Peer 1: 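Just dropping this structure here.
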Amino acid sequence: MSGPVDLRSDTVTRPTAAMRRAMAEAEVGDDWYGDDPTVNLLEERCAEATGKEAAVYLATGTMANQIALHVLVRSGHLVVAEAHAHVATTEVTSSAVLSGVAFARLTPRRSMVTAAAVEAALKPDPYGVEVVDLLALENTHGHGGGTVLPIGEMRAIRKAALSAGVPVYLDGARIFNASVASGTSVTEFAAEVDALMFSLSKGLGAPIGSVLCGSASFVREARRAKVLIGGAWRQAGVLAAAGLLALAEGPQRLHEDHANARRLAEGIAEATPGAVDPGEVETNMVFVSAEALGREPWEIVGRLREEGVLANVLGERIRLVTHRDVTSADVDAAVAAWRRIASDVGAPDLRASSSPR
Ligand SMILES: Cc1ncc(COP(=O)(O)O)c(C=O)c1O
């Protein structure tokens with residue numbers, strides 16, 4: 001299909017022909033009553049894939065995170081999380097409103113949480129006023145650049161949390177990307193947390209859905225909260241059918257997205273030295289500084305749009321995300337577009353900006 005090269009997010013993929021067929025033919029029931037066989041099968045497979053006892057299929061990753069916080073954190077208590085984590089930024093008002101939850105924020109380099117920082121953050125408040133109920137991790141970390149929190153560090157973090165008596169939750173929206181990039185299985189990552197969610201609708205390529213996984217008792221409570229927030233749906237098997245294909249087939253092609261992201265970064269770095277370090281691209285996200293062109297990120301995003309390339313801005317940087325609907329030729333087209341913009345805009349006079357005052 002021709003159209004813009006859409007690098008805004010890996011959520012933009014369209015269902016494949018096989019997914020559309022599976023959706024049309026899905027066996028369904030009423031999921032409120034727990035009798036949609038396709039949803040039930042998807043939940044079983046997701047529990048298996050994460051090595052957890054049970055799973056619950058939900059509309060969005062935000063809903064999964066919010067239900068997890070609602071179940072695991074008491075109103076007025078704190079969640080320790082990295083400052084730029086999705087739960088602590090985009091969703092911060094959701095958890096304030098839905099669950100009365102507040103955050104204690106960690107600010108490590110490149111958003112890479114360490115066991116030492118966790119240990120310090122989980123020291124009990126001597127006055128007993130600030131109570132931490134949960135440590136929330138994110139892997140891969142979106143704002144950090146699609147970075148992988150390595151299993152060694154996760155194990156050390158888990159140990160620190162256990163000795164402080166604090167459970168660990170993982171926003172694993174892109175845990176399959178982390179798994180493919182690191183060679184660590186999803187079950188190994190999941191073993192270091194009490195509960196986790198992952199998205200079928202991102203790199204795995206389903207049109208909709210995320211899954212919350214954990215112990216049977218946690219998932220029982222999560223199902224109650226799902227009803228409470230109006231998330232209980234009915235013949236959701238039409239969506240779960242696509243989710244089953246995403247789970248079965250999505251992970252094995254993620255390495256292509258990672259290779260495309262790396263090549264995109266290399267092309268941009270060659271055109272504009274200093275705009276991006278390809279060595280920092282671990283998965284399917286490329287973060288580019290517009291400063292190297294002496295321009296504001298949104299201006300460059302506007303120029304890219306005129307060139308048929310869609311991008312986003314996160315923080316101070318332009319974010320480009322590869323996914324199933326981005327081909328190798330699309331990467332070439334995006335790099336060519338960047339080159340044209342770079343040569344049109346011209347390099348800034350770095351000597352002027354770096355000269356001592
Ligand atoms: C790390 C992370 N967690 C959670 C979410 C929320 O997922 P959804 O958009 O399905 O609500 C996102 C969305 O991009 C995300 O990047």
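Just follow the structure's listing: the first ligand is 1, and inside any ligand the first atom is 1. Worth knowing before you read on, the calculation uses all heavy atoms, side chains too, and leaves out hydrogens, waters and symmetry mates. In this text, all values refer to a predicted model and were calculated from it rather than measured experimentally.
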Peer 1: Under 4.0 Å between a side-chain nitrogen and a carboxylate oxygen: does that hold for R174 and D257?
Peer 2: no

Peer 1: Any side-chain donor paired with an acceptor under 3.5 Å for E188 and S185?
Peer 2: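 Checked: E188/S185 side chains pair up, N/O donor to acceptor below 3.5 Å.
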
Peer 1: Under a 4.0 Å N-O cut-off, is there an ion pair linking R263 with E266?
Peer 2: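 E266 and R263: not salt-bridged.
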
Peer 1: Could you tell me whether K52 and D194 make a salt bridge, using a distance below 4.0 angstrom between a side-chain N and a carboxylate O?
Peer 2: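 Between D194 and K52 there is no salt bridge, as every charged N stays at least 4.0 Å from the carboxylate O atoms.
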
Peer 1: Is there a donor in the side chain of N177 and an acceptor in the side chain of H258, or the other way round, less than 3.5 Å apart?
Peer 2: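 There is such a pair (donor and acceptor under 3.5 Å, judged by atom type) between the side chains of N177 and H258.
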
Peer 1: Check this for me, if you would: do E256 and R324 make a salt bridge, where the nitrogen-to-carboxylate-oxygen distance has to be below 4.0 angstrom?
Peer 2: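 The answer is no: the pair does not qualify as a salt bridge.
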
Peer 1: Provide, line by line, the atom pairs where ligand 1 and the protein bring an N/O atom each to a distance under 3.5 Å; else say none.
Peer 2:
unit_1, atom_1, unit_2, atom_2, d
ligand 1, 3 (N), D171, OD1, 3.2
ligand 1, 3 (N), D171, OD2, 2.6
ligand 1, 7 (O), K202, NZ, 2.8
ligand 1, 10 (O), G61, N, 2.8
ligand 1, 10 (O), K202, NZ, 3.4
ligand 1, 11 (O), G61, N, 3.4
ligand 1, 11 (O), T62, N, 2.9
ligand 1, 11 (O), T62, OG1, 2.6
ligand 1, 16 (O), R174, NH1, 2.9

